[in-house]
Amino acid sequence: MNAGTSGRTPTGSTDESLFEGIVQANLSGAFFTVNSAVPLLNDGGSIIFNGSVHNYTGHPGLAAYAATKGGLLSMARVIAAELAPHKIRVNVVAPGWTKTPLWKRGHRASDTPEESARLSSYYSSMIPLGRWGEPEEQAKAVLFLASDDSSYINAIELVVDGGATGARFGAPILRG
């Protein structure tokens with residue numbers, strides 16, 4: 001299940017419709033997609049939700065986005081329990097900073113290419129492996145969870161972030 005949206009939702013100045021739109025797309029949309037698909041799924045199938053490290057980072061201005069990704073993880077665990085009798089596994093992949101088209105065109109619309117490159121370099125310095133992830137690396141994590149190689153993995157979140165959430169003190173900027 002891969003659909004969603006983000007948006008700045010700073011506490012104290014966020015429009016209710018923006019917040020609710022993010023919740024609708026990221027959480028309600030995910031639930032009702034799976035809800036509709038369950039009757040069509042074969043026993044032994046696999047559902048993989050797309051989470052985010054923002055579930056853990058406390059990034060200012062992303063309250064709605066982070067809340068939906070945290071809620072998605074909780075929801076995945078419940079769905080995993082409900083679908084276990086059908087041997088349908090439900091997991092979440094939580095990407096960290098990944099080189100996507102968003103970063104190729106600039107993180108924020110107002111950033112110059114130089115500002116975007118500087119911000120990208122700064123984020124790289126906060127990742128223990130010292131670099132951004134590649135989309136193919138995220139895809140391989142999803143393919144693993146979808147394959148028989150993960151046949152005994154259920155109700156987990158696989159964080160694919162170069163160690164940014166699990167070993168943050170290994171990041172180049174913090175190594176001393």
Side-chain angles (χ1 to χ4, degrees), residues 1-11 22-23 25-27 30 46-80 89-176:
M1 171 65 213
N2 187 16
T5 188
S6 186
R8 297 208 33 84
T9 54
T11 305
I22 294 169
V23 171
N26 296 355
L27 196 55
S46 180
I47 297 169
I48 303 156
F49 289 105
N50 191 26
S52 173
V53 296
H54 285 291
N55 180 26
Y56 302 102
T57 62
H59 192 271
L62 294 180
Y65 183 74
T68 61
K69 296 306 180 173
L72 191 67
L73 177 57
S74 296
M75 185 174 74
R77 290 175 177 151
V78 170
I79 295 170
R89 298 175 295 112
V90 182
N91 294 294
V92 177
V93 170
W97 291 281
T98 304
K99 291 181 190 172
T100 66
L102 171 69
W103 283 94
K104 288 184 176 123
R105 68 178 180 261
H107 177 59
R108 297 175 292 222
S110 61
D111 285 353
T112 67
E114 294 78 21
E115 290 169 327
S116 188
R118 196 169 29 257
L119 188 57
S120 178
S121 178
Y122 174 71
Y123 282 138
S124 291
S125 76
M126 296 177 10
I127 300 168
L129 293 182
R131 65 176 180 82
W132 286 56
E134 297 291 337
E136 295 80 10
E137 292 170 309
Q138 301 298 335
K140 287 176 184 178
V142 171
L143 287 172
F144 167 69
L145 289 175
S147 76
D148 287 339
D149 291 341
S150 66
S151 61
Y152 200 59
I153 297 174
N154 192 25
I156 63 104
E157 178 183 45
L158 179 57
V159 179
V160 185
D161 71 350
T165 56
R168 78 178 63 183
F169 290 104
I173 199 169
L174 298 173
R175 287 187 200 147

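- The shortest side-chain heavy-atom distance between Ile48 and Ser46 falls under the 4.5 Å cut-off.
- With hydrogens and angles disregarded, no donor-acceptor distance shorter than 3.5 Å links the side chain of Arg168 to the backbone of Pro128.
- Each side chain to side chain donor-acceptor pair (under 3.5 Å) pair with one or both residues in residues 139-151, not counting sequence neighbours, appears once here: Arg89-Ser150.
- Residues Asn50 and Pro95 are in side-chain contact: their nearest non-hydrogen atoms beyond the backbone lie under 4.5 Å apart.
- Here Ser124 pairs with Trp132 under the side chain to side chain contact (heavy atoms under 4.5 Å, CB included) rule; sequence neighbours left out.
- Distance check: Asn91 CG to Leu73 CG gives 10.0 Å after rounding to the nearest 0.5 Å.
- A pairwise comparison of heavy atoms in Ala30 and Leu72 identifies CB-CD1, 3.7 Å as the closest pair.
- In this structure, Lys69 and Leu27 have side chains that are not in contact, with every pair of non-hydrogen atoms separated by 4.5 Å or more.
- Taking 4.5 Å as the limit, every side-chain heavy atom of Tyr152 sits out of range of all side-chain heavy atoms of Asn154.
- Shown here are the side chain to side chain contact (heavy atoms under 4.5 Å, CB included) partners of Ala141, two or more places apart in sequence or in another chain: Val93, Leu158, Val160.
- Here Asp161 pairs with Thr165 under the side-chain hydrogen bond (donor to acceptor under 3.5 Å, both in side chains) rule; sequence neighbours left out.
- The closest donor-acceptor contact from the side chain of Thr9 to the backbone of Ala64 lies under 3.5 Å.
- Gln138 places no side-chain N or O within donor-acceptor distance of the main-chain N or O of Pro135, the cut-off being under 3.5 Å.
- Side-chain contact between Phe49 and Ile79: present, with at least one pair of heavy atoms (C-beta onward) separated by less than 4.5 Å.
- Considering every non-hydrogen atom in both Tyr65 and Thr5, the closest pair reads CD1-O, 3.4 Å.
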Intermediate values then yes/no, side chain to side chain contact (heavy atoms under 4.5 Å, CB included), Ser6 and Leu62: CA-CA 8 Å; Ser6 186; Leu62 294 180; 3.8 Å; yes
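- With sequence neighbours excluded, the residues satisfying side chain to side chain contact (heavy atoms under 4.5 Å, CB included) with Tyr122 are Ser125, Met126, Ile173.
- The stretch residues 124-139 participates, sequence neighbours left out, in these salt bridge (charged side-chain N to carboxylate O under 4.0 Å, His left out) pairs: Lys99-Glu134, Arg131-Glu137.
- Formation of a donor-acceptor pair under 3.5 Å by the Asn26 side chain with backbone atoms of Thr68 is not found in this model.
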